[in-house]
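Here the structure is laid out as structure tokens; the discussion comes afterwards.
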Amino acid sequence: MEIASLENQTIAEFVLLGFYNIPELHFLFFIVFTVVCAFIVIGNMLIIVVVISSQRLHTPMYFFLANLSFLEILYTSTVVPKMLEGFLQEAAISVTDCLIQFFIFGSLATAECFLLAVMAYDHFLAICYPLRYPLLMGPRWCIGLVVTAWLSGFMVDGLVVVLMAQLRFCGSKSIDHFYCDFMPLVVLACSYPRVAQVTMFVLSVVFRTVPFGLILTSYAHIVVTVLRVPAGASRRKAFSTCSSHLAILSTFYGTLMVLYIVPSAVHSQLLSKVFALLYTVVTPIFNPVIYILRNKEVHQALQRLLQVKKMETVG
């Protein structure tokens with residue numbers, strides 16, 4: 001009777017197990033991911049500051065990039081602190097805070113899908129319609145696309161969270177993950193989670209694959225257009241413009257597809273956590289690494305900004 005009553009008792013908080021099965025590496029992981037988190041925040045903040053301060057970077061491409069950097073900062077700040085806590089002590093989180101974390105993280109992931117599609121569309125217009133590009137991608141249209149991307153993310157995942165908030169959690173309070181994700185949460189539900197599961201699957205398919213389809217279509221047109229250009233500097237510049245975006249896309253969308261659309265492809269929870277690390281920690285690193293170190297315009301703008309600050313300090 002006591003066991004049955006415990007199993008039916010509603011849970012007030014969860015414990016994020018994280019990488020509990022390799023405790024000997026926890027301190028090393030704490031140091032590594034603390035450094036990585038600091039690099040992500042500082043690097044993406046630098047991109048935002050450089051884009052705002054440099055008049056040359058006041059273009060649609062860098063406006064979208066600054067939004068992506070801001071999104072990556074929020075992304076990392078939502079997940080990594082609890083993961084770091086789990087390396088040092090038991091990472092407890094209330095049910096309400098857990099749902100809030102899932103809502104914010106899921107909304108940002110969906111918003112990033114749309115924002116990456118917007119960036120692909122921007123590249124498509126810039127390369128395929130260079131003469132009409134300033135007219136097609138005006139300031140109001142750019143702002144409208146970004147606002148739509150952000151709102152779409154929070155509206156879509158808001159519906160899932162409303163359904164999850166109606167579930168009752170009892171029995172085990174241990175979440176076998178380093179953040180509050182959908183599948184690890186649903187398996188702990190005592191009430192029937194089928195509606196939430198079906199809704200999550202349908203929304204994941206629609207709002208992950210539709211932007212992905214738009215991205216593929218944009219790049220298909222880009223490839224066709226670029227191949228018509230005689231080999232030389234113009235072709236190299238066109239491919240260089242898109243290569244950075246494609247690097248982010250391949251990692252981000254690859255892991256999302258596996259985890260949320262075909263989760264049966266992941267046969268262990270440890271592998272699921274590794275895939276989750278790819279888009280929560282690895283993908284946000286790409287922005288600073290690719291755009292600061294490889295992008296000449298951002299690199300030069302950063303150097304000019306540092307020189308100005310140095311002169312101001314000396315003066």
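Predicted, not measured: the structure shown is a model, and the values here were computed from it. Quick note: numbers below take in every heavy atom, side chains included, and nothing from hydrogens, waters or symmetry partners.
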**Asked** CZ of Phe19: more than 12 outside heavy atoms within 6.0 angstrom?
**Response** yes
**Rounded distance [0.5 Å steps], CG in Asn67 versus CD in Glu112** = 11.5 Å
**Request:** Group every Ile, Leu, Val, Met, Phe, Trp and Tyr by side-chain heavy-atom contacts under 4.5 Å, then state whether Tyr20 and Leu188 land in the same group.
**Result:** no
**Request:** Sorted by first residue and then second, give each side chain to side chain donor-acceptor pair (under 3.5 Å) pair with at least one member in residues 54-63; sequence neighbours left out.
**Result:** Tyr62-Asn295, Tyr62-Glu297
**Item:** Atom pair OH (Tyr129) and NE2 (His221), whose distance is rounded to the nearest 0.5 Å
**Value:** 6.5 Å
**Request:** Hey, can you tell me if Phe29 and Phe33 have their rings parallel, tilted or perpendicular (30° and 60° cut-offs)?
**Result:** perpendicular
**Request:** May I ask you to check if Lys273 and Phe178 form a cation-pi contact, with NZ or CZ under 6.0 angstrom from the six-membered ring centre and within 45° of the axis?
**Result:** no
**Asked** Which atom pair, heavy atoms only, marks the closest approach of Leu167 to Tyr192?
**Response** CD2-O, 3.7 Å
**Request:** Step by step, work out the ring pair (Phe, Tyr, Trp, His ring centres under 6.0 Å) result for Phe102 and Tyr179.
**Result:** CA-CA 8 Å; Phe102 169 74; Tyr179 68 94; 8.7 Å; no
**Item:** Heavy-atom check, side chain of Phe103 versus side chain of Val160, under 4.5 Å
**Value:** no
**Minimal non-hydrogen separation, Thr76 against Thr280, with atom names** = OG1-O, 3.9 Å
**Asked** Rounded to the nearest 0.5 Å, what separation is found between the CZ atom of Phe169 and the CE atom of Met164?
**Response** 5.0 Å
**Fill in**
So CG of Leu116 and CG of Leu214: to nearest 0.5 Å the spacing works out to 12.0 Å
**Over all atoms of both residues, closest heavy-atom pair of Asp176 and Leu17** = CA-CD1, 4.0 Å
**Asked** How long is the gap from OG1 on Thr199 to CG on Leu163, to the nearest 0.5 Å?
**Response** 5.0 Å
**Prompt:** Roughly how far, to the nearest 0.5 Å, is the CG atom of Leu68 from the CD1 atom of Ile73?
**Reply:** 10.5 Å
**Asked** What do you reckon, is NE2 of His26 surrounded by more than 12 foreign heavy atoms closer than 6.0 Å?
**Response** yes
